[in-house]
Amino acid sequence: TEQCHEISPNIKKLDAILQGVTWALAKRPHHFLTVPDSTLRAVKTDPTPGTPGLIIYFTIDEPRVILEGIEMLPTFDEED
């Protein structure tokens with residue numbers, strides 16, 4: 001949970017976002033972008049108030065989808 005707090009202090013919102021991604025990966029893992037020159041695939045989430053956009057990296061090892069990492073996208077203030 002400490003790592004979750006680093007991504008977003010709103011754990012319930014973050015959990016809901018990750019559940020949505022998990023559902024999508026369970027249904028159509030081959031639908032998502034491939035990372036060039038790698039076996040990784042990626043799904044991008046949009047930022048929401050209190051939660052940054054994320055890139056979630058995964059691989060497919062039929063019949064499993066394996067989470068490889070989560071990257072936070074930079075956030076920008078409206079004044080930037």
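Please read all numbers here as calculations on a predicted model, not as lab measurements.
- There is no path of hydrophobic side-chain contacts, each under 4.5 Å, that joins L33 to L40.
- In the hydrophobic cluster analysis, where Ile, Leu, Val, Met, Phe, Trp and Tyr join through side-chain heavy atoms closer than 4.5 angstrom, V43 is grouped apart from I17.
- Neither V21 nor I55 shares a network with the other; the hydrophobic side chains, linked directly or stepwise wherever heavy atoms of I, L, V, M, F, W or Y lie under 4.5 Å apart, form separate groups for each.
- Note that the CG atom of L18 and the CH2 atom of W23 stand 15.5 Å from one another [nearest 0.5 Å].
- Among all heavy-atom pairs drawn from A24 and F32, the shortest one is CB-CZ, 3.8 Å.
- Contact check for L73 versus L54: no side-chain heavy atoms found under the 4.5 Å cut-off.
- Between H30 and R41 there is a side-chain heavy-atom pair separated by less than 4.5 Å.
- Judged by distance alone, the side chain of T51 and the main-chain N or O of L14 form no donor-acceptor pair under 3.5 Å.
- Contact record, L25 with V65: O-CG2, 4.0 Å, taken as the closest heavy-atom pair.
- M72 and F58 fall within a single hydrophobic cluster, where Ile, Leu, Val, Met, Phe, Trp and Tyr side chains are chained together by heavy-atom contacts under 4.5 Å.
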